[in-house]
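Following: one structure in structure tokens, then a few remarks.
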Number of protein chains: 2
Amino acid sequence: MSSEDIKNKLTERGLKVTPQRMAILEAIYNLKNHPTAENIIDYIKKMHPNIATGTVYKVLGALVDNRLVKKVKTENDIMRYDGVMKSHHHLYCMESDVIKDYVDEELDELLQNYFEKKNLPGFKIEDIVLQVKGTFNK
Amino acid sequence: MSSEDIKNKLTERGLKVTPQRMAILEAIYNLKNHPTAENIIDYIKKMHPNIATGTVYKVLGALVDNRLVKKVKTENDIMRYDGVMKSHHHLYCMESDVIKDYVDEELDELLQNYFEKKNLPGFKIEDIVLQVKGTFNK
DNA sequence: TATCTAAATGAGAATTATTCTCTTTTAGGA
DNA sequence: TCCTAAAAGAGAATAATTCTCATTTAGATA
């Protein structure tokens, strides 16, 4: 993801393009494994030591509100952030803090068909996310 | 769920039966919609005004460790608790803080078969929980 | 291009959920 | 009934996040 692409993402959403927002989005895209706010802060302070912690939280909030980033909650109640906006699921390792994205369009279609038939009365489904818990083989 | 049942649950897990633990488990079973620690504290303080906040957190931790209660992950950063231990999914309302349990054995079987065929290499699945996001019809 | 203003940032205090420490109490086995 | 490890109480400590308000800035407009 180039700087130009990141800039466009912000502009498309009507968000002002600031160095802080660029740095934070860049950090989320570069840091793998769904970084925490702290991971992001550590990362961007290398290049932008003057960025305020509060700004990072405020920007993260704005990015989530504008659907440029997703929040992911872990078993250990720490909030993490995910730059992959395409519908996808998560594999949670129960032995480490790894969360792996899992994209499976066949599964998505299966689920969509299932719930179309099922038609939960009184509930309109917008999105389905699987939390698949288990362990990665060593 | 009777007091006797709750008591048995604690005993089965080798946990000492204390009034605090009884009250907290009772609160989780009585409070609907996946209470937060704060909800639980407010609820039990009516009957047990002297219970310490720290004790509630400690007991919740012990209950989760002993699989008498589950933690529920939400998009927001407050932890919520669930006394239903049977495998089930959640319907998250995006317009309110309602989280409804969703039990569907047909779906569970479908998913199990799907992943048996799929056989994610390098990952051993223990549990699958669906976060179904949407809105309840008004 | 210069100006203007609402929006964004910085700095650090404030808040809030949760954990920790240490003393006292208690459940339940001997 | 006694004993002891486990649990609870009290409140301080911690850590993540939010808030406040003064200053700066992006980008729309003239």
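Worth knowing before you read on, the calculation uses all heavy atoms, side chains too, and leaves out hydrogens, waters and symmetry mates. A note on names: the letters A, B, ... follow the listed sequences, proteins ahead of strands, and every chain is numbered from 1. None of the values given here were measured: they were computed from a predicted structure.
At a non-hydrogen distance threshold of 4.0 Å, nothing from residues 42-49 of chain A comes into contact with DNA chain D.
Put simply, Y57(B) has no side-chain N or O that comes within less than 4.0 Å of OP1 or OP2 on dT19(C). For Q20(A) and dT25(D), the shortest distance from a side-chain N or O to OP1 or OP2 is not below 4.0 Å.
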Taking N or O atoms only and anything under 3.5 Å, show me the protein contacts with nucleotides 23-29 of chain C, one pair per line.
unit_1  : atom_1 : unit_2 : atom_2 : d
dA27(C) : O3'    : V17(B) : O      : 3.4
dG28(C) : OP1    : V17(B) : N      : 2.6

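At the heavy-atom level, A62(A) lies nowhere under 4.0 Å from the strands shown.
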Item to check | Derivation of the salt bridge (charged side-chain N to carboxylate O under 4.0 Å, His left out) call for K118(A) and D104(B) | outcome: CA-CA 10 Å; K118(A) 200 88 185 184; D104(B) 185 339; 3.5 Å; yes
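Between T36(B) atom OG1 and E38(B) atom CD the span is 5.5 Å, to the nearest 0.5 Å. The OH atom of Y57(B) lies 11.0 Å from the CD1 atom of I24(B); values are rounded to the nearest 0.5 Å.
For the 3.5 Å distance criterion, the side chains of H88(A) and D108(A) fail to qualify, holding no donor opposite an acceptor. Under 3.5 Å, the side chains of N39(B) and H34(B) contain no donor-acceptor pair of N or O atoms.
Here D101(B) does not pair with K86(B) in a salt bridge; the nearest charged N to carboxylate O distance is not below 4.0 Å. A salt bridge links E126(A) to K124(A): one of the charged nitrogens lies within less than 4.0 Å of a carboxylate oxygen.
Neither V129(B) nor I125(A) shares a network with the other; the hydrophobic side chains, linked directly or stepwise wherever heavy atoms of I, L, V, M, F, W or Y lie under 4.5 Å apart, form separate groups for each.
Side-chain proximity of K58(B) to the nucleotides dG9(D), dT9(C), dT17(D) is greatest for dG9(D).
Comparing G54(B) and T53(A) by the nucleotide of DNA chain C whose heavy atom lies nearest to each, the residue mapping closer to the 5' end is T53(A).
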